[in-house]
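One structure below.
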Amino acid sequence: MSKVRTRFAPSPTGRMHVGNLRTALYTYLIAKHEGGDFVLRIEDTDQERFFDEALEIIYRTLEKTGLKHDEGPDKDGGYGPYIQSERCKSGLYMKYAKELIEKGEAYYCFCDKERLESLKQNIGGKEIIAYDKHCLHLSKEEIEANLAAGKPYVIRANVPNEGVTTFHDEIYGDISQPNEELDDMILIKSDGYPTYNFANVIDDHLMGITHVVRGNEYLSSAPKYTRLYQAFGWEEPKYIHCPLITNEEHQKLSKRSGHSSYEDLIEQGFLSEAVVNYVALLGWSPTDNREIFSLEELVENFDYHHISKSPAVFDIVKLKWMNGEYIKAMDDEAYYEYALPVIKEVITKDYDLKKIADLVKTRIEIFPDIKEKIDFFEELPEYDIAMYTHKKMKTNSENSLAVLKDMLPRLEQLEDYSHDGIEAVCKAYIAEKEIKNGVCLWPLRTAVSGKQMTPGGAYEIIEIIGKDETIARIKKGIELLEA
RNA sequence: GGCUCCAUGGUCAAGCGGUUAAGACAUCGCCCUUUCACGGCGGUAACACGGGUUCAAAUCCCGUUGGAGUCACCA
């Protein structure tokens, strides 16, 4: 069996959509699982939409997600060039288009915009153009004359109106479509560039691609590609169409959803590994129940036969959970590196930021979550004294005030503001008064944080804010409770 | 609208003719605990519908309904 070769063929038009990312991932995994090659090819035949930075985004995203390509524009493997606009310069696509014309499988079309416009019909609120093969019937002389006159033209595939075209997909099985439905698609545009459809077939063939992996949205145009392979007499690659990724409304993920691209997600504080892991599970599942996979583990376990057919909703809530799992599993230094800048956005005081970071590690799902959890360290918020009353802790304004008043001098005398030192003072007081932990610790934590919920308890917070701040905050609490 | 695809809890999903129909997220409750979180335990919740085939159907076939995709000189 020949070596598996897959290709990821994005067009540089902007940020990488999660659907594209998943396609890239599956494409990579299919190759790597079989020890094959993963090729990167840039489809930039749309000169109007192309922009340089988009190319950078593709490289950066593949790099950051770990989807390393074996061949590509920056890594020649003997099948180059890997950028379609460069391939185009050699007249490659035109050559093949002309071959098709000679075979009667394609033809020149000189129809202008106006004529095409007149073919337009509105069906179900959508504008649809079905080309009427007008130029197919041009005589040789007319064609020559038009060409000689420099009249702009495109080259279209000549698809018969009878018969059925069938192709085989590894996931969906055989799919047939009446040829009548297949439009005479444009192969070469009037600017001389090939269309995506055409360039794709040519390049996949020339580059020896064995498995074509792409999104489900290409399913209905796939028979057109099959027609092209048949017209050339080439052997078709295996097709693997991935199910669609949708938004909560079960519609194709669009830019509007706010988390539709990899970069959006990274900006929102997600970890690259978590995104890759999550996206792998949208439309594929392993044989066991495992959910956490590194890229290497995915390579090992990925079997494309387990890709599902039905579309999957992109569930940001589950991604968050998974991201939280990744954060918890991070080693402390790596975690601190990510957490520190976020902490610094909120904390300007000279606190032990490492301790603060450790406190929130198990309590966040994405890094920006840190901010609202630690803001009270920086400044005691305004709070309602109702917070001192807690049924389960058996606290109320009165006993809370008493506790704070008792604890104030003890904490003023205390020198050792370490966790253990603070604990010792509190425990001694609790033992002495024969009260429950909560009766002392709840008001203390409340006074020192001004918050209903905090990462860490009284000991941890007091240790971090230190003696002066603790005393000040407790005095403030007493003041509020006495008012 | 034509064509194509899809159909198991709110979401991701296992399941390939015989199961008490897994598991995860979410949700709810309990435990742990100085709060929250983490962790542990448990609960609610699904085979779209109708016909076949079969001793037996979530699994196979047909239809219905629903959803999606696609119908560009975009990819």
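All chains are named by letter (A, B, ...) in the order of the sequence lines, taking the proteins before the strands, and each is independently numbered beginning at 1.
Note: OH (Tyr218(A)) to P (rC74(B)) measures 14 Å, nearest angstrom. Note: CE (Met322(A)) to C1' (rC12(B)) measures 9 Å, nearest angstrom. The interatomic distance linking Lys189(A) (NZ) with rA72(B) (P) rounds to 14 Å, in whole Å. Note: NZ (Lys126(A)) to P (rC74(B)) measures 16 Å, nearest angstrom. Atom CG in Asn20(A) sits roughly 18 Å away from atom P in rC74(B) (whole-Å rounding).
Take Glu291(A) and apply the salt bridge (charged side-chain N to carboxylate O under 4.0 Å, His left out) test, not counting sequence neighbours, and it matches Lys318(A). Arg227(A) pairs by the salt bridge (charged side-chain N to carboxylate O under 4.0 Å, His left out) definition with Glu105(A), not counting sequence neighbours. Applying the side-chain hydrogen bond (donor to acceptor under 3.5 Å, both in side chains) criterion to His69(A), with sequence neighbours excluded, gives Asp74(A). In this structure Tyr278(A) satisfies the ring-ring contact (aromatic ring centres under 6.0 Å, His included) test together with Phe314(A), sequence neighbours excluded. Applying the side chain to side chain contact (heavy atoms under 4.5 Å, CB included) test to His168(A) and every residue at least two apart in sequence or in another chain returns Glu170(A), Asp174(A). Checked against salt bridge (charged side-chain N to carboxylate O under 4.0 Å, His left out), Arg7(A) has the following partners two or more places apart in sequence or in another chain: Asp204(A). Under the salt bridge (charged side-chain N to carboxylate O under 4.0 Å, His left out) criterion, Glu117(A) pairs with Lys120(A), sequence neighbours left out.
Among residues at least two apart or in separate chains, salt bridge (Lys or Arg N to Asp or Glu O under 4.0 Å) pairs with a member in residues 430-444 of chain A are Asp406(A)-Lys433(A), Arg410(A)-Glu432(A).
Under 3.5 Å, the side chain of Lys252(A) and the base of rA68(B) form no donor-acceptor pair of N or O atoms.
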Protein-nucleotides 58-61 of chain B N/O pairs under 3.5 Å:
none

Just the atom pairs and distances: protein N or O near nucleotides 13-17 of chain B's N or O, under 3.5 Å.
| from | atom 1 | to | atom 2 | distance (Å) |
| --- | --- | --- | --- | --- |
| rA13(B) | OP1 | Gly283(A) | N | 2.6 |
| rA13(B) | O3' | Ser285(A) | OG | 3.3 |
| rA14(B) | OP1 | Ser285(A) | OG | 2.9 |

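Taking the centre and axis of the six-membered ring of Tyr335(A), the NZ or CZ atom of Lys361(A) falls inside the cone set by 45° and 6.0 Å.
When both distances must be under 3.5 Å, the Watson-Crick or G-U wobble mate of rC49(B) is rG63(B).
With no hydrogens or angles considered, no side-chain donor-acceptor pair links Asn396(A) and Thr389(A) at under 3.5 Å.
Near-neighbour residues of RNA chain B inside residues 161-187 of chain A, defined by a heavy atom below 4.0 Å, number-ordered: Tyr172(A), Ile175(A), Ser176(A), Gln177(A), Pro178(A), Glu181(A), Ile186(A).
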Annotated protein contacts, base or backbone, on nucleotides 30-39 of chain B with a non-hydrogen cut-off under 4.0 Å, one of B, S, - each: ---BBBBBSS
